[in-house]
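Following: one structure in structure tokens, then a few remarks.
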2 protein chains.
Amino acid sequence: MAKSTTYLTNSKCKDCINYPNCIMSLLNNNEQNIASKYKTTNKYKKGQAIFNEGFTPYSFYCILKGNVKLSRIGGEKIQILRFAKSGDIIGYRSLIADENYSTTAIAISDTTVCSLPKNIFLDELIYNSELSLKMLKQFAVELKQADELIINLTQKAGVKRIAETLIKIKDFYGQNDKTNALNISFSRNEIASIACVSTESCIRMLAELKKQGVINLVNREIQINDFPKLKIIANSK
Amino acid sequence: MAKSTTYLTNSKCKDCINYPNCIMSLLNNNEQNIASKYKTTNKYKKGQAIFNEGFTPYSFYCILKGNVKLSRIGGEKIQILRFAKSGDIIGYRSLIADENYSTTAIAISDTTVCSLPKNIFLDELIYNSELSLKMLKQFAVELKQADELIINLTQKAGVKRIAETLIKIKDFYGQNDKTNALNISFSRNEIASIACVSTESCIRMLAELKKQGVINLVNREIQINDFPKLKIIANSK
DNA sequence: TAAAAAATATGATATAAATCATGTTGTTAA
DNA sequence: TTAACAACATGATTTATATCATATTTTTTA
């Protein structure tokens with residue numbers, strides 16, 4: 001896979017399209033000056049890795065524009081664990097834990113990412129309590145979500161996990177108002193890796209949901225027809 | 001289940017048996033004074049809940065002495081997610097996320113817990129950057145562990161998960177030097193809830209490990225004879 | 001625009017582990 | 001010290017879903 005393209009810019013967070021939603025909007029003027037001085041901006045094509053499991057982290061990443069999946073390998077199979085989109089941050093867990101990356105981040109659409117050197121970010125955490133508190137909250141929510149994923153993946157039947165997965169994608173990335181198609185399209189194999197089923201089972205389960213009239217499958221694209229029913233399926237015993 | 005017994009003490013963290021290992025050792029003199037003024041100490045019998053999933057949190061908890069399991073219900077089954085012991089803190093996730101408890105904490109041996117009112121703890125987080133940074137690190141490690149649990153529970157075969165569970169208990173709570181028995185004993189049903197298998201399967205798999213000479217089952221007590229082999233089993237494909 | 005490759009689809013079979021059933025052992029309480 | 005109960009144990013059966021096999025469709029590339 002080709003290397004990402006690097007762009008050097010001096011733009012500040014307060015002028016970013018994600019301001020004030022991005023967590024880095026909490027930097028004060030001085031911190032923003034430092035950040036803009038040291039940050040680089042990189043473009044990743046769909047499918048390119050931003051960082052890889054097992055590698056040493058040197059940077060903190062902000063998604064300027066685009067979408068990312070975070071996954072982890074366990075022997076043979078890949079498990080997709082969570083997602084990120086414009087304005088989200090990635091790669092901070094390893095920096096804060098002072099460990100190598102425990103997940104792999106891959107662009108699921110063409111994605112532009114701002115990178116900040118490790119120590120600049122860690123310094124900001126020390127001196128900006130608003131930032132560190134926001135980070136604490138981010139972790140607290142993520143930890144709950146990880147716990148929920150454990151319960152969902154281990155205690156729900158396959159079709160329910162597929163339903164849950166479609167809900168997750170719709171809630172996070174949205175859907176087309178007219179066609180009801182999911183804004184970000186995943187292959188059957190990817191959906192399987194989110195729901196933790198085999199690709200074949202995933203295909204069968206999607207077919208089952210289609211048969212029940214909950215979704216529509218048009219040219220590999222998934223349209224959610226009956227979102228309430230999808231929720232009922234995902235949450236039923 | 002009977003209510004916990006409450007004791008009021010004015011002792012400070014710096015005089016605690018867990019000093020300086022407990023994260024609260026990072027409080028400065030003034031903060032320790034405030035903490036000692038507002039904190040209460042409670043004793044929980046084995047099996048008693050310290051807090052329950054779904055309830056609103058009002059306190060931050062430090063385990064003065066004892067052991068705790070953190071679990072979560074998913075429909076029918078209970079999944080044990082992690083453990084805590086003397087010097088560990090619990091209940092902070094919900095406080096920081098400003099959400100109800102997402103897990104239940106139950107004493108797995110007689111346990112004494114210090115409680116600090118929610119706002120005292122949250123204030124300390126704001127003003128003590130050393131504390132908030134340590135909390136960030138705690139979250140970062142816990143999040144990785146949650147991710148690892150996802151992979152282990154969804155991708156490893158039952159026996160391997162049982163082996164993994166025994167390793168986890170041994171590493172976290174230790175084992176008796178002479179008998180090789182685990183320091184904290186769990187019922188078969190609890191081990192099943194950690195490894196995410198049925199109780200019957202858990203029993204069968206323990207029997208299998210015994211047959212292989214890796215462990216010994218004496219009066220419901222589990223002794224680890226061959227730890228290296230247990231690790232090999234847990235990590236083999 | 002044909003050929004190759006990748007993704008989707010579907011049927012048949014295998015399998016790990018849950019569930020159900022019943023029995024045994026160990027612990028608690030009358 | 002026996003009865004009652006809970007925990008542990010083991011066999012038989014069922015079930016969900018993975019795996020294997022083979023098509024079909026769509027996309028990519030030569």
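Just so it is clear, the values below take in all heavy atoms, side chains as well, and ignore hydrogens, waters and symmetry mates. Just so it is clear: chains get the letters A, B, ... in the order the sequence lines come, proteins before strands, and each one is counted from 1.
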Atom [atom1] of [X] and atom [atom2] of [N]: how far apart are they, to the nearest Å?
X         : N       : atom1 : atom2 : value
Met205(A) : dT10(C) : CE    : C1'   : 14 Å
Phe186(B) : dC8(D)  : CZ    : P     : 13 Å
Asn189(B) : dT27(C) : CG    : P     : 17 Å
Leu153(B) : dA18(C) : CG    : P     : 12 Å
Glu221(A) : dA9(C)  : CD    : P     : 13 Å
Ile222(B) : dC8(D)  : CD1   : C1'   : 11 Å
Lys77(A)  : dA18(D) : NZ    : P     : 6 Å
Lys210(A) : dT8(C)  : NZ    : P     : 14 Å

>> Return whichever of Ser198(A) or Leu217(B) has its heavy-atom-nearest nucleotide of DNA chain D closer to the 5' end.
In response: Leu217(B)
> Which comes earlier along DNA chain D counting from the 5' end, the contact point of Arg161(A) or that of Asn219(A), where each point is its nearest nucleotide?
Replying inline: Arg161(A)
> Tyr92(A) vs Phe60(A) aromatic rings, parallel, tilted or perpendicular, using cut-offs 30° and 60°?
Replying inline: tilted
> In terms of side-chain heavy atoms of Ile203(B), which of dT19(D), dC8(D), dA9(C) is nearest?
Replying inline: dC8(D)
> Could one point to a donor on the side chain of Arg204(B) or the base of dT19(C) with an acceptor on the other under 3.5 Å away?
Replying inline: yes
>> Ignoring hydrogens and geometry beyond distance, is the side chain of Glu200(A) in donor-acceptor contact with the base of dC20(D) at under 3.5 Å?
In response: yes
> Under the criterion salt bridge (Lys or Arg N to Asp or Glu O under 4.0 Å), which of Lys43(A), Lys45(A), Lys46(A) is the partner of Asp110(A)?
Replying inline: Lys45(A)
> OP1 or OP2 of dA18(D) sitting under 4.0 Å from any side-chain N/O of Ser201(A)?
Replying inline: yes
>> Is a donor from one side chain sitting under 3.5 angstrom from an acceptor on the other, for Ser86(A) and Asn18(A)?
In response: no
> Judged by atom type as modelled, is there a donor-acceptor pair below 3.5 Å linking the side chain of Asn52(B) to the main-chain atoms of Phe55(B)?
Replying inline: no
>> Given the ring of Phe172(A), does Lys85(A) sit roughly above its face, with NZ or CZ under 6.0 Å from the centre of the six-membered ring and within 45° of the axis?
In response: yes
>> Which is more 5' along DNA chain C, the nucleotide nearest Arg220(A) or the one nearest Thr199(B)? Just name the residue.
In response: Arg220(A)
